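The next block holds one structure in the form of structure tokens; read it before the comments.
This is a predicted model, so every value here is computed, not measured.
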Amino acid sequence: MRILLLDTNHPLIEQQLSGKGFVFDADYTSSYDEVLEKIRNYEGIIIRSRIPLDKNFLTKASHLKFIARVGAGMENIDIETAESLGIKLINSPEGNRDSVAEHVVGMLLILMNRLFIASNEVKDGIWKREENRGDELLGKTFGIIGYGNMGKATAKRLSGFGVEVIFYDILPDLSDEFAKQVSLEELQKRADILSLHIPLTDETNYLIDEEFISKMEKNFYFVNTARGKNLKTKALVQAIEAGKVLGACLDVLEYEKSSFENLETENQDLKYLLDSEKVIITPHIGGWTHQSKEKLAQVIVDKIVDNFAN
């Protein structure tokens, strides 16, 4: 089986699968159109996010048996077309769930305890104690939307912080020892902190908008390590200005390129977030640790071997 590698990943993918008889070509620079010209020669593709695999692409991939995404989100792939063509879709959310969960907790602790602000002030010769009084996680209600790999890992990490974790998910009966499933209405009523762990779909695009925020009963902290377009940025800015959102931790932004490699838009809402002491922003690195790079690759290898090794 011949596989095309479209993004750089951990070398164990090629090393382990070559030992199982798979053959590889790597192309990390060709454009969409250039890849389109040769895609009929491959039975498998391993990607991250560089090239969109849309209907046009997939219909030209006449011998394609699988697409493996090294990561969780699949919005870069026309899933409906792929399934109609019998192309198996593989991803690896198990590989970076621990990294994302630790990133959520880390960002919150930094934000709520003003650690960056206080540290920078001391380095500048400023010693403020009362102004940098923190806010504890202990005793708060932590609301999660989406209780898959990332949501569950986050709830598990929070188990030692003395928070009550509740979650909303479209699937039923997911409660476990770390979190209780509730209706969306109950989550909006009770949550002191809201964290997103959902894919980007037509239903979740701009899920967090002015209307959603208005239904949150308490003033709350907001965390997004899912996808930038799950959040309407302007609504968040307005909520921070009004005091409804106490602070925000954003690992993803509405204005990212589809490849996640940079920002494609700058505007006043983004400038507000970048300038605000109430916002922490990281460059889509929640699932981006040294350990997760290897784990993501290993999950992909194991799933390909399970499905396609002779």
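The backbone N or O of L253 lies less than 3.5 Å from a partner atom in the side chain of E256, making a donor-acceptor pair. Between the side chain of D176 and the backbone N or O of A179, at least one donor-acceptor pair lies under 3.5 Å. R69 places a side-chain N or O within donor-acceptor distance of the main-chain N or O of R48, the cut-off being under 3.5 Å. A donor-acceptor pair under 3.5 Å is formed between the side chain of S99 and the backbone N or O of G286. Counting only distance, with no hydrogens or angles, the side chain of R2 and the backbone of N41 share no donor-acceptor pair below 3.5 Å. Distance alone, capped at 3.5 Å, places no donor-acceptor pair between the S276 side chain and the Y272 backbone. With hydrogens and angles ignored, the 3.5 Å screen pairs a side-chain donor or acceptor of K303 with a backbone N or O of N91. Within the 3.5 Å criterion, the main-chain N or O of I126 finds no donor-acceptor partner in the side chain of D124. Side-chain atoms of S175 come within 3.5 Å of backbone N or O of Q181 as a donor-acceptor pair. Counting only distance, with no hydrogens or angles, the side chain of N149 and the backbone of R97 share no donor-acceptor pair below 3.5 Å.
Under a hydrophobic-cluster definition in which Ile, Leu, Val, Met, Phe, Trp and Tyr are linked whenever side-chain heavy atoms come within less than 4.5 Å, directly or via other members, V163 and V105 are assigned to the same cluster. One hydrophobic cluster, built from ILVMFWY side chains closer than 4.5 Å, cannot hold both V252 and I198; they sit in different ones. In the hydrophobic clustering of this structure, L85 groups with I39; members are Ile, Leu, Val, Met, Phe, Trp, Tyr whose side-chain heavy atoms approach within less than 4.5 Å, directly or through other members. In the hydrophobic cluster analysis, where Ile, Leu, Val, Met, Phe, Trp and Tyr join through side-chain heavy atoms closer than 4.5 angstrom, I3 is grouped together with L12. Residue I51 is not grouped with residue F66 when hydrophobic side chains (ILVMFWY) are merged at heavy-atom distances under 4.5 angstrom, including chains of intermediate members.
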### Task
Please step through side-chain contact (heavy atoms from CB on, under 4.5 Å) for the pair T81 and F57, ending with a clear verdict.
CA-CA 10 Å; T81 297; F57 186 100; over 6 Å; no
### Task
Determine, stepwise, if the pair E186 / Y168 fulfils side chain to side chain donor-acceptor pair (under 3.5 Å).
CA-CA 9 Å; E186 183 175 348; Y168 170 76; over 6 Å; no
### Message
Set out, in order, the CA-CA distance, both residues' side-chain angles and the distance that settles salt bridge (Lys or Arg N to Asp or Glu O under 4.0 Å) for K156 and D98, then state yes or no.
### Response
CA-CA 10 Å; K156 185 176 181 179; D98 298 316; over 6 Å; no
### Query
Is there a side-chain contact (heavy atoms from CB on, under 4.5 Å) between K140 and D135 once you walk through the steps?
CA-CA 10 Å; K140 288 184 170 54; D135 192 10; 2.9 Å; yes
### Task
With side-chain contact (heavy atoms from CB on, under 4.5 Å) as the test, would you mind laying out the steps for F220 and L246 before giving the verdict?
CA-CA 6 Å; F220 66 101; L246 301 171; 5.9 Å; no
### Query
Run the side-chain contact (heavy atoms from CB on, under 4.5 Å) check on W288 and K293 step by step: do they pass?
CA-CA 7 Å; W288 208 250; K293 183 176 182 180; over 6 Å; no
### Task
Verify side chain to side chain donor-acceptor pair (under 3.5 Å) between H103 and T282, making sure each step is shown before the conclusion.
CA-CA 10 Å; H103 200 82; T282 51; 3.0 Å; yes
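Here the straight-line distance linking atom CD1 of I208 with atom CD1 of I213 works out to 7.0 Å at 0.5 Å rounding. Atom CD in E277 sits 10.5 Å away from atom CG in D275 (nearest 0.5 Å). Of the inter-residue distances, the one linking S49 atom OG with K257 atom NZ reads 13.5 Å to the nearest 0.5 angstrom. Put simply, OH on Y28 and CG on L5 are 5.0 Å apart, with the number rounded to the nearest 0.5 Å. Distance check, rounded to the nearest 0.5 Å: CZ of F24 to CG of L17 gives 4.0 Å. The CD1 atom of I144 sits 15.0 Å away from the NZ atom of K180 when rounded to the nearest 0.5 Å.
One finds a salt bridge joining K65 and E43 here, because a Lys/Arg side-chain nitrogen approaches an Asp/Glu carboxylate oxygen to under 4.0 Å. A salt bridge is defined here as a Lys NZ or Arg NE, NH1 or NH2 lying under 4.0 Å from an Asp or Glu carboxylate O, and D27 with K38 meets this definition.
Closest non-hydrogen pair, I240 versus A248, comes out as CD1-CB, 4.5 Å. Taking every heavy atom of both residues into account, R50 and P52 meet most closely at O-CD, 4.1 Å. Nearest heavy atoms, L207 versus F212: O-CB, 3.5 Å. Here the closest heavy-atom approach between residue V35 and residue S30 is recorded as CG2-CB, 3.9 Å. Listed here is the closest heavy atom pair of S62 and R40: OG-CB, 3.7 Å. When all heavy atoms of A82 and L89 are compared, the pair lying nearest together is CB-CD2, 3.9 Å.
F167 is not listed as a side-chain neighbour of F178, based on a closest heavy-atom distance of 4.5 Å or more. Contact of the D269 side chain with the L236 side chain is not registered, since no non-hydrogen atoms from C-beta on lie closer than 4.5 Å. Taking the side chain as every heavy atom from C-beta outward, Q16 and V305 never approach each other to under 4.5 Å. The shortest side-chain heavy-atom distance between N9 and I300 does not fall under the 4.5 Å cut-off. In this structure the side chain of F308 reaches within 4.5 angstrom of the side chain of I90, judged on heavy atoms. Between F161 and L138 the shortest side-chain heavy-atom distance does not fall below 4.5 Å. Contact check for I79 versus M74: side-chain heavy atoms found under the 4.5 Å cut-off. Side-chain contact check for P199 versus E75: every heavy-atom pair is 4.5 Å or farther apart.
Residue I170 places its CD1 atom among 12 or fewer non-hydrogen atoms of other residues, nucleotides or ligands, all under 6.0 Å distant. More than 12 heavy atoms of other residues, nucleotides or ligands shown are found within 6.0 angstrom of NZ on K218. Applying the 6.0 Å contact sphere to OH of Y32 captures more than 12 heavy atoms from other residues, nucleotides or ligands. Within a 6.0 Å radius of CD in E241, more than 12 heavy atoms belonging to other residues, nucleotides or ligands are found. Around the NZ atom of K189, the shell of radius 6.0 Å holds no more than 12 heavy atoms that belong to other residues, nucleotides or ligands. For Q268, the CD atom sits in a loose shell: 12 or fewer heavy atoms of surrounding residues, nucleotides or ligands are nearer than 6.0 Å.
With R190 as the partner, the salt bridge (Lys or Arg N to Asp or Glu O under 4.0 Å) test is satisfied by one option alone out of E217, E164, E185: E164. Of the residues E254, K229, E211, K232, the one that meets the side-chain hydrogen bond (donor to acceptor under 3.5 Å, both in side chains) test with Y206 is E254. The only option from I193, L196, V279, L111 that meets the side-chain contact (heavy atoms from CB on, under 4.5 Å) definition with F222 turns out to be L196.
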